[in-house]
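First the structure, in the form of C-alpha coordinates, and then the observations on it.
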Amino acid sequence: MRAKARRNRRDLPWRAPPGETPDPYAVWLSEIMLQQTTVAAAKPYFAAFLSRWPHVEALAKAPLDEAMKAWAGLGYYARARNMHACAGLVATKYRGRFPTSELELRELPGVGPYTAAAIAAIAFNRPAIVVDGNIQRVVARLFAVSEPPRQARTRIAELLASLLSPERPGDFAQGLMDLGAGVCTARAPSCGACPFAGACEAARRGEAEAFPVKAPRTPKPNRKGAAFVLRCAELTLLRTRPPRGLLGAMTEFPTTPFEEDFDVSKARAMAPLPAKWRLLDGDVEHVFTHFRLELAVFIARVAPPVPRIENYRWAPARDLDREGLPTLMRKVAVHAGLIRSGSARKHGNDMESG
DNA sequence: AAGACGTGGAT
DNA sequence: TATCCAAGTCT
(Lines give C-alpha, C1' and ligand atoms only; values in the text may rest on other atoms or scores of the structure.)
Protein backbone atom coordinates (compact mmCIF):
# COMPACT_ATOMS: atom_id res chain seq x y z
CA MET A 1 0.00 0.00 0.00
CA ARG A 2 2.72 2.45 0.85
CA ALA A 3 4.57 1.72 -2.37
CA LYS A 4 1.38 2.16 -4.31
CA ALA A 5 0.60 5.38 -2.50
CA ARG A 6 4.02 6.70 -3.44
CA ARG A 7 3.48 5.81 -7.07
CA ASN A 8 0.19 7.66 -7.18
CA ARG A 9 1.55 10.71 -5.46
CA ARG A 10 0.91 13.84 -7.48
CA ASP A 11 4.04 15.81 -8.21
CA LEU A 12 3.11 19.42 -7.51
CA PRO A 13 5.37 22.46 -7.44
CA TRP A 14 4.60 23.29 -3.80
CA ARG A 15 5.38 19.79 -2.59
CA ALA A 16 8.82 18.91 -1.29
CA PRO A 17 10.52 15.81 -2.71
CA PRO A 18 9.60 12.68 -0.72
CA GLY A 19 11.35 12.71 2.63
CA GLU A 20 12.15 16.41 2.53
CA THR A 21 10.48 19.17 4.50
CA PRO A 22 8.53 21.70 2.46
CA ASP A 23 8.99 25.46 2.82
CA PRO A 24 6.15 26.68 5.10
CA TYR A 25 5.88 29.86 3.05
CA ALA A 26 5.33 27.84 -0.13
CA VAL A 27 2.84 25.58 1.63
CA TRP A 28 0.91 28.57 2.96
CA LEU A 29 0.94 30.36 -0.38
CA SER A 30 -0.26 27.29 -2.25
CA GLU A 31 -3.02 26.63 0.25
CA ILE A 32 -4.33 30.17 -0.06
CA MET A 33 -4.27 29.98 -3.86
CA LEU A 34 -5.92 26.56 -3.93
CA GLN A 35 -8.97 27.63 -1.94
CA GLN A 36 -11.92 26.91 -4.26
CA THR A 37 -9.47 26.93 -7.14
CA THR A 38 -8.21 24.20 -9.45
CA VAL A 39 -4.60 23.06 -9.36
CA ALA A 40 -4.22 24.02 -13.02
CA ALA A 41 -5.38 27.58 -12.37
CA ALA A 42 -3.18 28.05 -9.32
CA LYS A 43 0.07 26.69 -10.79
CA PRO A 44 1.20 29.65 -12.91
CA TYR A 45 0.30 32.12 -10.15
CA PHE A 46 2.21 30.10 -7.61
CA ALA A 47 5.29 30.07 -9.83
CA ALA A 48 5.04 33.80 -10.48
CA PHE A 49 4.60 34.70 -6.82
CA LEU A 50 7.41 32.46 -5.61
CA SER A 51 9.73 33.83 -8.25
CA ARG A 52 8.89 37.46 -7.54
CA TRP A 53 8.54 37.17 -3.75
CA PRO A 54 10.72 34.21 -2.71
CA HIS A 55 9.99 34.52 1.00
CA VAL A 56 7.29 35.92 3.23
CA GLU A 57 9.17 39.08 4.12
CA ALA A 58 9.53 39.99 0.45
CA LEU A 59 5.80 39.62 -0.01
CA ALA A 60 5.16 41.61 3.14
CA LYS A 61 7.24 44.48 1.76
CA ALA A 62 5.40 44.57 -1.56
CA PRO A 63 2.76 47.29 -1.94
CA LEU A 64 -0.75 45.87 -1.73
CA ASP A 65 -1.64 46.99 -5.24
CA GLU A 66 1.32 45.09 -6.65
CA ALA A 67 0.14 41.94 -4.94
CA MET A 68 -3.40 42.54 -6.21
CA LYS A 69 -2.14 43.00 -9.75
CA ALA A 70 -0.22 39.76 -9.55
CA TRP A 71 -3.33 38.00 -8.26
CA ALA A 72 -5.60 39.43 -10.97
CA GLY A 73 -7.51 36.70 -12.78
CA LEU A 74 -7.38 34.16 -9.96
CA GLY A 75 -10.60 35.36 -8.33
CA TYR A 76 -11.83 35.60 -4.74
CA TYR A 77 -9.76 38.72 -4.24
CA ALA A 78 -10.30 38.82 -0.48
CA ARG A 79 -7.77 36.00 -0.50
CA ALA A 80 -5.15 38.33 -1.94
CA ARG A 81 -5.92 41.09 0.54
CA ASN A 82 -5.78 38.62 3.42
CA MET A 83 -2.66 37.02 2.01
CA HIS A 84 -0.88 40.36 2.03
CA ALA A 85 -2.06 41.17 5.56
CA CYS A 86 -1.00 37.72 6.69
CA ALA A 87 2.46 38.14 5.19
CA GLY A 88 2.83 41.42 7.08
CA LEU A 89 1.78 39.79 10.31
CA VAL A 90 4.14 36.85 9.92
CA ALA A 91 6.99 39.18 9.00
CA THR A 92 6.52 41.39 12.05
CA LYS A 93 4.82 39.44 14.82
CA TYR A 94 6.56 36.16 13.99
CA ARG A 95 9.78 37.55 12.55
CA GLY A 96 9.29 35.84 9.23
CA ARG A 97 8.62 32.35 10.59
CA PHE A 98 5.16 30.90 10.30
CA PRO A 99 3.75 29.70 13.61
CA THR A 100 3.62 25.93 13.81
CA SER A 101 0.52 25.36 15.91
CA GLU A 102 -2.91 25.04 14.40
CA LEU A 103 -4.25 27.48 16.99
CA GLU A 104 -1.85 30.28 16.06
CA LEU A 105 -2.18 29.61 12.35
CA ARG A 106 -5.95 29.85 12.66
CA GLU A 107 -5.63 33.45 13.84
CA LEU A 108 -3.89 34.58 10.66
CA PRO A 109 -6.05 36.44 8.11
CA GLY A 110 -7.32 34.18 5.35
CA VAL A 111 -6.41 31.07 7.31
CA GLY A 112 -9.53 29.14 8.29
CA PRO A 113 -9.95 25.69 9.82
CA TYR A 114 -8.90 23.84 6.69
CA THR A 115 -5.83 25.91 5.88
CA ALA A 116 -4.61 25.99 9.47
CA ALA A 117 -4.80 22.22 9.68
CA ALA A 118 -3.21 21.78 6.26
CA ILE A 119 -0.22 23.99 7.06
CA ALA A 120 0.24 22.41 10.48
CA ALA A 121 0.17 18.92 9.00
CA ILE A 122 2.03 19.46 5.73
CA ALA A 123 4.65 22.03 6.72
CA PHE A 124 5.19 21.01 10.36
CA ASN A 125 4.02 17.40 10.52
CA ARG A 126 1.58 18.26 13.28
CA PRO A 127 -1.23 15.77 13.92
CA ALA A 128 -4.00 18.00 12.55
CA ILE A 129 -7.26 16.71 11.13
CA VAL A 130 -7.27 18.11 7.60
CA VAL A 131 -10.71 18.32 6.00
CA ASP A 132 -10.93 19.84 2.54
CA GLY A 133 -13.52 19.26 -0.17
CA ASN A 134 -11.79 16.11 -1.42
CA ILE A 135 -11.57 14.59 2.02
CA GLN A 136 -15.16 15.52 2.81
CA ARG A 137 -16.21 13.60 -0.27
CA VAL A 138 -14.09 10.56 0.56
CA VAL A 139 -15.36 10.40 4.15
CA ALA A 140 -18.96 11.14 3.17
CA ARG A 141 -18.86 8.14 0.85
CA LEU A 142 -16.98 5.88 3.22
CA PHE A 143 -19.70 6.37 5.85
CA ALA A 144 -22.62 7.34 3.59
CA VAL A 145 -23.06 10.59 5.49
CA SER A 146 -26.62 11.75 4.96
CA GLU A 147 -26.12 15.49 5.57
CA PRO A 148 -24.51 17.99 3.17
CA PRO A 149 -20.84 18.63 4.06
CA ARG A 150 -21.45 22.13 5.32
CA GLN A 151 -23.70 20.82 8.07
CA ALA A 152 -21.72 17.63 8.57
CA ARG A 153 -18.27 19.16 8.75
CA THR A 154 -17.72 18.39 12.42
CA ARG A 155 -19.08 14.88 12.06
CA ILE A 156 -16.91 14.25 9.02
CA ALA A 157 -13.85 15.43 10.94
CA GLU A 158 -14.73 13.07 13.81
CA LEU A 159 -15.25 10.15 11.45
CA LEU A 160 -11.93 10.88 9.80
CA ALA A 161 -10.14 11.10 13.15
CA SER A 162 -11.70 7.78 14.19
CA LEU A 163 -10.14 6.01 11.23
CA LEU A 164 -6.57 6.17 12.40
CA SER A 165 -3.91 8.42 13.82
CA PRO A 166 -1.40 8.76 11.01
CA GLU A 167 2.33 8.68 11.56
CA ARG A 168 2.85 11.31 8.90
CA PRO A 169 -0.14 13.65 9.05
CA GLY A 170 1.00 15.71 6.08
CA ASP A 171 1.41 12.74 3.77
CA PHE A 172 -1.84 11.28 5.04
CA ALA A 173 -3.77 14.46 4.27
CA GLN A 174 -2.21 14.90 0.86
CA GLY A 175 -2.67 11.24 0.03
CA LEU A 176 -6.35 11.47 0.87
CA MET A 177 -6.67 14.63 -1.19
CA ASP A 178 -4.96 12.92 -4.11
CA LEU A 179 -7.37 10.02 -3.73
CA GLY A 180 -10.28 12.43 -3.87
CA ALA A 181 -8.83 14.29 -6.84
CA GLY A 182 -7.96 11.24 -8.91
CA VAL A 183 -10.10 8.27 -7.83
CA CYS A 184 -12.91 9.25 -5.48
CA THR A 185 -13.93 12.05 -7.84
CA ALA A 186 -17.11 14.08 -7.68
CA ARG A 187 -18.39 12.67 -10.95
CA ALA A 188 -17.82 9.12 -12.20
CA PRO A 189 -15.63 7.91 -9.33
CA SER A 190 -13.31 4.98 -10.07
CA CYS A 191 -14.43 2.70 -7.27
CA GLY A 192 -12.77 -0.24 -9.02
CA ALA A 193 -9.40 1.45 -8.54
CA CYS A 194 -10.02 2.56 -4.97
CA PRO A 195 -8.06 0.89 -2.18
CA PHE A 196 -10.91 1.60 0.24
CA ALA A 197 -13.80 0.34 -1.90
CA GLY A 198 -14.18 -2.69 0.32
CA ALA A 199 -14.73 -0.46 3.35
CA CYS A 200 -16.92 2.09 1.60
CA GLU A 201 -20.62 2.14 2.46
CA ALA A 202 -21.54 4.27 -0.56
CA ALA A 203 -19.70 1.88 -2.88
CA ARG A 204 -21.35 -1.11 -1.21
CA ARG A 205 -24.70 0.44 -2.04
CA GLY A 206 -23.50 1.07 -5.57
CA GLU A 207 -24.28 4.75 -5.28
CA ALA A 208 -21.01 6.51 -4.64
CA GLU A 209 -22.10 9.42 -6.75
CA ALA A 210 -25.04 10.08 -4.42
CA PHE A 211 -22.51 11.28 -1.83
CA PRO A 212 -21.77 13.78 -0.54
CA VAL A 213 -25.42 14.81 -0.35
CA LYS A 214 -25.92 18.10 -2.15
CA ALA A 215 -27.32 21.12 -0.37
CA PRO A 216 -30.22 22.80 -2.18
CA ARG A 217 -28.84 25.58 -4.33
CA THR A 218 -30.15 29.08 -4.48
CA PRO A 219 -30.88 30.47 -7.97
CA LYS A 220 -28.64 33.15 -9.45
CA PRO A 221 -30.35 36.48 -10.01
CA ASN A 222 -29.50 38.59 -13.06
CA ARG A 223 -28.03 41.99 -12.52
CA LYS A 224 -27.21 44.77 -14.93
CA GLY A 225 -24.88 47.70 -14.98
CA ALA A 226 -22.69 49.82 -17.20
CA ALA A 227 -18.98 50.43 -17.64
CA PHE A 228 -17.41 53.57 -19.08
CA VAL A 229 -14.31 53.40 -21.24
CA LEU A 230 -12.90 56.88 -21.62
CA ARG A 231 -9.95 57.60 -23.89
CA CYS A 232 -7.74 60.65 -24.02
CA ALA A 233 -4.88 60.48 -26.45
CA GLU A 234 -3.31 57.07 -25.76
CA LEU A 235 -4.62 56.90 -22.22
CA THR A 236 -7.67 55.31 -20.67
CA LEU A 237 -9.42 56.13 -17.40
CA LEU A 238 -9.22 53.67 -14.50
CA ARG A 239 -9.86 53.60 -10.80
CA THR A 240 -9.50 51.28 -7.84
CA ARG A 241 -12.60 49.66 -6.41
CA PRO A 242 -13.38 50.04 -2.70
CA PRO A 243 -11.24 47.81 -0.45
CA ARG A 244 -14.02 45.37 0.44
CA GLY A 245 -16.82 43.59 -1.34
CA LEU A 246 -17.06 42.49 -4.96
CA LEU A 247 -13.70 42.77 -6.73
CA GLY A 248 -12.53 44.73 -3.70
CA ALA A 249 -9.31 46.69 -4.19
CA MET A 250 -9.10 45.68 -7.85
CA THR A 251 -8.61 47.99 -10.82
CA GLU A 252 -11.61 48.74 -12.98
CA PHE A 253 -13.03 50.95 -15.64
CA PRO A 254 -15.55 53.32 -14.08
CA THR A 255 -18.79 51.44 -13.52
CA THR A 256 -22.27 51.94 -12.19
CA PRO A 257 -23.49 49.75 -9.36
CA PHE A 258 -24.72 46.31 -10.48
CA GLU A 259 -28.44 45.95 -9.78
CA GLU A 260 -31.34 43.73 -10.75
CA ASP A 261 -33.50 46.67 -11.83
CA PHE A 262 -30.74 48.75 -13.39
CA ASP A 263 -32.01 51.07 -16.12
CA VAL A 264 -29.42 51.39 -18.88
CA SER A 265 -31.15 54.45 -20.29
CA LYS A 266 -30.16 56.33 -17.16
CA ALA A 267 -26.54 55.21 -17.25
CA ARG A 268 -25.03 58.20 -19.05
CA ALA A 269 -25.85 60.41 -16.08
CA MET A 270 -23.57 58.21 -13.98
CA ALA A 271 -20.51 58.59 -16.20
CA PRO A 272 -17.30 59.92 -14.64
CA LEU A 273 -17.61 63.09 -16.73
CA PRO A 274 -19.88 64.51 -19.41
CA ALA A 275 -18.88 63.40 -22.91
CA LYS A 276 -20.34 61.99 -26.10
CA TRP A 277 -20.86 58.53 -24.65
CA ARG A 278 -21.62 55.89 -27.26
CA LEU A 279 -23.29 52.64 -26.22
CA LEU A 280 -21.53 49.67 -27.81
CA ASP A 281 -23.55 46.87 -29.37
CA GLY A 282 -23.87 43.80 -27.21
CA ASP A 283 -23.30 43.42 -23.49
CA VAL A 284 -20.40 41.95 -21.62
CA GLU A 285 -21.70 38.85 -19.88
CA HIS A 286 -20.09 37.54 -16.76
CA VAL A 287 -21.08 34.97 -14.16
CA PHE A 288 -20.12 35.50 -10.56
CA THR A 289 -20.66 33.05 -7.74
CA HIS A 290 -23.98 34.52 -6.73
CA PHE A 291 -25.30 36.48 -9.74
CA ARG A 292 -25.10 36.86 -13.49
CA LEU A 293 -24.11 40.20 -14.87
CA GLU A 294 -24.98 41.90 -18.13
CA LEU A 295 -22.74 44.89 -18.46
CA ALA A 296 -23.42 47.62 -21.02
CA VAL A 297 -20.26 49.34 -22.26
CA PHE A 298 -20.11 53.03 -23.12
CA ILE A 299 -17.12 54.58 -24.84
CA ALA A 300 -16.09 58.19 -25.34
CA ARG A 301 -13.03 60.18 -26.22
CA VAL A 302 -11.96 63.53 -24.88
CA ALA A 303 -9.37 65.82 -26.39
CA PRO A 304 -6.15 66.65 -24.54
CA PRO A 305 -5.07 68.13 -22.22
CA VAL A 306 -5.67 65.11 -20.02
CA PRO A 307 -8.20 66.12 -17.37
CA ARG A 308 -7.41 65.37 -13.79
CA ILE A 309 -10.34 63.56 -12.13
CA GLU A 310 -10.39 62.89 -8.42
CA ASN A 311 -10.25 59.20 -7.47
CA TYR A 312 -9.40 58.22 -11.04
CA ARG A 313 -6.14 57.74 -12.90
CA TRP A 314 -5.06 57.52 -16.51
CA ALA A 315 -3.16 54.52 -17.81
CA PRO A 316 -1.68 53.74 -21.24
CA ALA A 317 -4.31 51.85 -23.21
CA ARG A 318 -1.57 49.90 -24.98
CA ASP A 319 -0.53 47.74 -22.09
CA LEU A 320 -3.61 47.28 -19.97
CA ASP A 321 -2.24 43.85 -19.18
CA ARG A 322 0.16 45.44 -16.77
CA GLU A 323 -2.74 46.93 -14.86
CA GLY A 324 -3.81 43.54 -13.58
CA LEU A 325 -7.46 43.70 -14.51
CA PRO A 326 -9.92 41.19 -13.06
CA THR A 327 -11.54 39.02 -15.71
CA LEU A 328 -14.74 41.06 -15.88
CA MET A 329 -12.72 44.17 -16.72
CA ARG A 330 -10.62 42.29 -19.24
CA LYS A 331 -13.87 41.43 -20.99
CA VAL A 332 -14.80 45.11 -21.00
CA ALA A 333 -11.41 46.00 -22.47
CA VAL A 334 -11.86 43.38 -25.18
CA HIS A 335 -15.38 44.55 -25.94
CA ALA A 336 -14.15 48.14 -26.27
CA GLY A 337 -11.36 47.05 -28.59
CA LEU A 338 -8.55 48.02 -26.21
CA ILE A 339 -7.04 44.57 -26.04
CA ARG A 340 -7.48 41.44 -28.12
CA SER A 341 -9.24 38.45 -26.66
CA GLY A 342 -6.20 36.20 -26.88
CA SER A 343 -3.84 38.82 -25.52
CA ALA A 344 -1.35 37.19 -23.21
CA ARG A 345 -2.43 37.08 -19.63
CA LYS A 346 0.05 37.82 -16.93
CA HIS A 347 0.90 34.22 -16.20
CA GLY A 348 -0.71 32.20 -18.96
CA ASN A 349 0.96 31.35 -22.22
CA ASP A 350 -2.24 31.11 -24.23
CA MET A 351 -1.65 32.25 -27.76
CA GLU A 352 -3.77 34.47 -29.93
CA SER A 353 -6.60 32.46 -31.40
CA GLY A 354 -8.42 35.10 -33.40
C1' DA B 1 -26.33 30.34 9.68
C1' DA B 2 -26.30 31.29 5.41
C1' DG B 3 -24.93 34.51 1.90
C1' DA B 4 -20.97 36.95 -0.24
C1' DC B 5 -17.15 36.15 -2.68
C1' DG B 6 -14.26 34.78 -9.12
C1' DT B 7 -12.98 32.17 -12.58
C1' DG B 8 -12.29 28.59 -16.11
C1' DG B 9 -12.93 23.95 -17.48
C1' DA B 10 -15.77 19.79 -17.95
C1' DT B 11 -20.11 17.65 -18.91
C1' DT C 1 -26.70 26.92 -22.95
C1' DA C 2 -27.01 25.47 -18.13
C1' DT C 3 -25.08 23.36 -14.32
C1' DC C 4 -21.56 21.64 -11.62
C1' DC C 5 -17.20 21.71 -9.79
C1' DA C 6 -12.19 23.11 -7.76
C1' DA C 7 -7.02 22.20 -1.44
C1' DG C 8 -12.69 27.75 1.89
C1' DT C 9 -13.01 32.05 4.56
C1' DC C 10 -15.37 35.87 6.42
C1' DT C 11 -19.22 38.03 8.32
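Across all strands shown, A/R15 has heavy atoms under 4.0 Å from base atoms, whether or not it also approaches the sugar-phosphate. Looking at heavy-atom distances under 4.0 Å, A/R292 makes contact with sugar-phosphate atoms alone, never a base. Backbone-only contact: A/V111 has heavy atoms under 4.0 Å from sugar-phosphate atoms and none from a base. Contact annotation for A/I32: no contact, since no heavy-atom pair falls under 4.0 Å across all strands. Nucleic acid contact for A/I135: none, since no nucleic acid atom lies under 4.0 Å from a heavy atom of the residue. If you check every strand for non-hydrogen atoms under 4.0 Å, A/W28 touches nothing. Counting any heavy atom pair closer than 4.0 Å across all strands shown, A/A186 reaches sugar-phosphate atoms only and no base atom. Within the nucleic acid shown, A/S30 has no heavy atom closer than 4.0 Å to any nucleic acid atom. Residue contacts shown for A/G245 are limited to sugar-phosphate atoms, with no base heavy atom under 4.0 Å away. Contact annotation for A/L293: no contact, since no heavy-atom pair falls under 4.0 Å across all strands.
In this structure, A/L108 and A/K220 both approach DNA chain C, and ranking their closest nucleotides by distance from the 5' end singles out A/K220. In terms of position along DNA chain B, the nucleotide closest to A/R150 lies nearer the 5' end than the nucleotide closest to the other residue of the pair A/R150 and A/R187. When each of A/R223 and A/H286 is assigned the nucleotide of DNA chain B bearing its nearest heavy atom, the one mapping closer to the 5' terminus is A/R223.
Using a 4.5 Å cut-off between side-chain heavy atoms of Ile, Leu, Val, Met, Phe, Trp and Tyr, with links allowed through other members, A/L159 and A/I129 fall into the same hydrophobic cluster.
In this structure, A/Y76 does not reach the C/dA6 phosphate: none of its side-chain N or O atoms is under 4.0 Å from OP1 or OP2. A sub-4.0 Å separation between OP1 or OP2 of C/dG8 and a side-chain N or O of A/Q35 is absent. Taking side-chain N and O atoms only, A/T289 has no distance below 4.0 Å to OP1 or OP2 of B/dT7. Between A/H290 and B/dA4 there is no side-chain N or O to OP1 or OP2 distance below 4.0 Å. In this model, the phosphate group of C/dG8 is not approached by any side-chain N or O of A/R153 to a distance below 4.0 Å at OP1 or OP2. Under 4.0 angstrom from either OP1 or OP2 of C/dT11 there lies at least one side-chain N or O belonging to A/R244.
Here the nucleotide nearest the side chain of A/L328, chosen from C/dA7, B/dC5, B/dT7, is B/dT7. Of all nucleotides listed (C/dC10, C/dG8, B/dA10), C/dG8 comes nearest to the side chain of A/D132. Nearest to the side-chain atoms of A/N82 among the listed nucleotides B/dA2, B/dG6, C/dC10 stands C/dC10. The side chain of A/R217 lies closest to C/dC5 when the candidates are C/dA6, B/dG6, C/dC5. Taking the side chain of A/K214 as heavy atoms from C-beta on, and the options C/dC5, C/dA7, B/dT7, the nearest nucleotide is C/dC5. Out of C/dA7, B/dG6, B/dG3, the shortest distance to the side chain of A/R79 is found at B/dG6.
Screening A/Y312, A/W277, A/F253 for a ring pair (Phe, Tyr, Trp, His ring centres under 6.0 Å) with A/F228, the sole residue that qualifies is A/W277.
At a cut-off of 3.5 angstrom, counting only N and O atoms as typed in the model, there is no donor on one side facing an acceptor on the other between the side-chain of A/T115 and the base of C/dG8. One donor-acceptor pair, N or O on each side, does fall under 3.5 Å between the base of B/dG6 and the side chain of A/T37.
Separating the P atom of B/dT11 from that of C/dA7 is a span of 15 Å, rounded to the nearest Å. C/dT11 and B/dG6 are spaced 14 Å apart, taking the P atom of each and rounding to whole Å. For the P atoms, the distance linking C/dA6 with B/dC5 amounts to 23 Å, nearest Å.
The OG1 atom of A/T37 lies 14.5 Å from the NZ atom of A/K43; values are rounded to the nearest 0.5 Å.
Ring pair A/W28/A/F98 is tilted by interplanar angle, where 30° to 60° counts as tilted.
The distance between atom CD of A/Q36 and atom P of C/dT9, rounded to the nearest whole Å, is 9 Å. We find that CH2 of A/W71 is positioned 11 Å from P of B/dG6, with the value rounded to whole Å. Rounded to an integer number of Å, the gap from A/R137 CZ to C/dG8 C1' is 15 Å. When the P atom of C/dG8 is taken as reference, atom CZ of A/R106 falls 15 Å away, rounded to whole Å. Atom CZ of A/F211 is separated from atom C1' of C/dC5 by 19 Å (rounded to the nearest Å). Distance CG (A/N134) to C1' (C/dA7): 7 Å, rounded to an integer number of Å.
At a cut-off of 3.5 Å, with distance as the only test, no side-chain donor of A/Y114 or A/Q35 sits close to an acceptor on the other residue.
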